[in-house]
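Below, chain A is the first sequence line, B the second, and so on; all start at residue 1.
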There are 2 protein chains.
Amino acid sequence: MAKGPNSLEFILLGLLTLRPSTGYDLKKTMDISVRYISPVALSQIYPTLKRMTQNGLVTYRLVERRGKTDLKIYSITRAGQELFLKWLAEPHKPDPYRFDTFTLRFYFSSLLDKATLLNHIRTELAFRQVQLDIARNLKLNDLGDMAPIEELDMTRTVKFWELYHQYGLQFMETYTNWLKYIRGVVEKGI
Amino acid sequence: MAKGPNSLEFILLGLLTLRPSTGYDLKKTMDISVRYISPVALSQIYPTLKRMTQNGLVTYRLVERRGKTDLKIYSITRAGQELFLKWLAEPHKPDPYRFDTFTLRFYFSSLLDKATLLNHIRTELAFRQVQLDIARNLKLNDLGDMAPIEELDMTRTVKFWELYHQYGLQFMETYTNWLKYIRGVVEKGI
DNA sequence: TATCTCATGTAATACGTTACATGATTGC
DNA sequence: GCAATCATGTAACGTATTACATGAGATA
């Protein structure tokens, strides 16, 4: 998703595929689902929807309410729909530094056929397994060899770094295990 | 770390506490340690070091080399050192959306006394346990109740959301388990 | 000969957060 | 009466990424 729409636009298109909503509603939905860990700000949603409207990916209709602010009910356009489904299906390119390019796609994968989805999962899994191997073989001790300032106990410092490194490894392991799990689920037919 | 220096400045100060280095070296060190999963760009390091120099947190001395670009060997100033140690020790405030405000601090915690460090770990752990409970009780089915467009199989869609949700939960579990683990290690004496 | 590593940076752009601004309704 | 929720947004700022620019020495 390097070029063109960013991940928020992707989420918005995905959610608007399911049902028309206001910006406010979209945020609420995200808060309890896709973005429940890291909520998005409304002040980011509104300009994004505006830009997407200008780009013809979404439209809205105004609903007047006595005394209150008008509602803007957004829905996805045919162009937006096509773009979204194209992204969903297009060959997956794992991003070394981020998992969410995959997980986000997976989130909306009920719109995808089984074969394409399995390809995505396998591509991502293969990549993460290689990455995990590399991380496992990272020699932290090399760092301990660097000359530090005199007063410092470098052996002890490196112990902290190792614990930190374990944290990173455990994350990657958790992720690859989850990938294997969903691969199984999808293979059996979801 | 909302105000003042951001996490990159924090890392830079931490690494420069250990030994003077060039911007290039700092990147290399980060690549195989603190930032091995998500490398930082050199084009971000150089301006950051420049800004930190202006703010009196670091200084550099030039080392000329025949034909090649001059080296800028950065080291931390007394002011930078004080600021860094103050941050390390100051009461930990968990950030709901990011783990790295804690993990980064932990990375440099060999410079911290046991009692303060244990406080940090316990604060973070308590917070994450509450957060994990909330996430576990999130009712995804509520989402399934929303009226989708007609053609959509909402039951199937929700299954994907549940799998996605499991991914988030597993991350949080892995993290809290790691926190318990390091708490044990630190309690026993590292 | 060509690519990689070393070593420095700037400029433009994209992305995200915080603060600010407004105002009605609902629940405690 | 006060806070939270609903509902819209703008402006300023901070952070991060990508592209651009330069050039030597080492390695394949």
Side-chain angles (χ1 to χ4, degrees), chain A residues 1-12 20-32 34-35 37-55 58 60-74 93 95-98 100-101 104, chain B residues 1-12 20-32 34-35 37-55 58 60-74 93 95-98 100-101 104:
Chain A
M1 274 173 300
K3 273 153 200 157
N6 56 39
S7 62
L8 180 58
E9 292 196 16
F10 186 82
I11 295 173
L12 260 15
S21 319
T22 65
Y24 193 87
D25 276 338
L26 287 164
K27 180 190 160 39
K28 275 199 308 173
T29 305
M30 283 187 248
D31 282 354
I32 58 165
V34 229
R35 296 283 301 256
I37 292 174
S38 162
V40 69
L42 273 170
S43 60
Q44 200 195 343
I45 290 179
Y46 291 124
T48 305
L49 285 170
K50 193 179 187 179
R51 186 175 65 238
M52 289 167 80
T53 306
Q54 282 155 7
N55 294 338
V58 298
Y60 62 88
R61 59 186 180 85
L62 281 175
V63 176
E64 288 178 43
R65 297 175 309 163
R66 11 105 219 163
K68 295 191 207 171
T69 331
D70 289 354
L71 288 183
K72 283 190 177 179
I73 314 234
Y74 283 91
K93 285 197 175 190
D95 180 326
Y97 319 132
R98 301 179 55 184
D100 65 355
T101 54
L104 224 49
Chain B
M1 272 174 300
K3 272 153 201 159
N6 55 40
S7 62
L8 180 58
E9 292 195 18
F10 186 81
I11 296 173
L12 260 14
S21 318
T22 64
Y24 193 88
D25 276 338
L26 287 163
K27 181 194 161 36
K28 274 199 309 173
T29 305
M30 283 187 247
D31 282 355
I32 57 166
V34 228
R35 295 284 299 257
I37 293 173
S38 162
V40 68
L42 273 171
S43 62
Q44 200 195 342
I45 290 179
Y46 290 124
T48 305
L49 285 170
K50 194 180 187 177
R51 186 174 64 236
M52 289 167 81
T53 306
Q54 283 157 7
N55 294 339
V58 298
Y60 61 87
R61 61 186 180 85
L62 281 174
V63 176
E64 289 178 40
R65 297 174 308 163
R66 10 108 218 163
K68 295 189 205 171
T69 331
D70 289 353
L71 288 182
K72 283 190 177 178
I73 314 233
Y74 283 91
K93 286 196 175 191
D95 180 326
Y97 319 131
R98 300 178 57 185
D100 65 357
T101 55
L104 225 48

Taking CZ from B/R51 and P from D/dC13, how many angstroms apart are they, rounded to a whole number? 15 Å

Whole Å only: how far is the CD atom of A/E9 from the P atom of C/dA14? 11 Å

Only counting residues at least two apart or in another chain, list the ones meeting side chain to side chain contact (heavy atoms under 4.5 Å, CB included) with B/Y60. B/T53, B/L62, B/K72, B/Y74

Residue A/A41, side-chain heavy atoms: nucleotide from D/dT8, C/dT18, C/dT10 that is nearest: C/dT18

From the options C/dT8, C/dG16, D/dT8, select the nucleotide whose nearest atom is closest to the side chain of A/L71. D/dT8

Spacing between A/E64 atom CD and D/dC6 atom P, to the nearest angstrom: 22 Å

If I take atom NZ in residue A/K28 and atom C1' in nucleotide D/dC6, what distance separates them, rounded to the nearest angstrom? 8 Å

State whether the side chain of A/R65 and the backbone N or O of A/T69 hold a donor-acceptor pair below 3.5 Å, judged by distance alone. yes

What are the two closest heavy atoms between A/E9 and A/R51, and how far apart are they? OE2-NH2, 2.9 Å

Roughly how many Å is it from CG in A/L26 to P in D/dC6, rounded to a whole number? 14 Å

Please report the distance, rounded to the nearest Å, between NZ in A/K27 and C1' in D/dG9. 15 Å

Given C/dA19, C/dA11, C/dT25, the nucleotide with the shortest approach to the side chain of A/K68: C/dT25

Taking every heavy atom of A/I37 against every heavy atom of B/Y97, the minimum-distance pair comes out as O-CD2, 3.1 Å

Heavy-atom closest contact (B/V58 atom, B/L49 atom, distance): CG2-O, 3.9 Å

A/L12 CG to C/dG16 C1': how many Å, rounded? 15 Å

In whole angstroms, how far is the P atom of D/dA4 from the OH atom of A/Y24? 13 Å

Of the listed C/dT8, C/dT10, D/dA7, the closest approach to the B/P47 side chain comes from C/dT10

What nucleotide, of D/dT17, C/dG9, D/dT8, holds the atom closest to the side chain of A/Y46? D/dT8

Closest nucleotide among C/dT8, D/dG9, C/dT10 to the B/S43 side chain: C/dT10

Phosphate oxygens OP1/OP2 of D/dA7: is one of them under 4.0 Å from a side-chain N or O of A/R65? yes

Taking the nucleotide of DNA chain C with the closest heavy atom to each, which residue, A/T69 or A/L8, is nearer the 5' end? A/L8

A/Q44 side-chain proximity, nearest of C/dG9, C/dT17, C/dT8: C/dT17

Can you identify which nucleotide, out of D/dT5, C/dT8, C/dT10, has its nearest atom closest to the B/K50 side chain? C/dT10

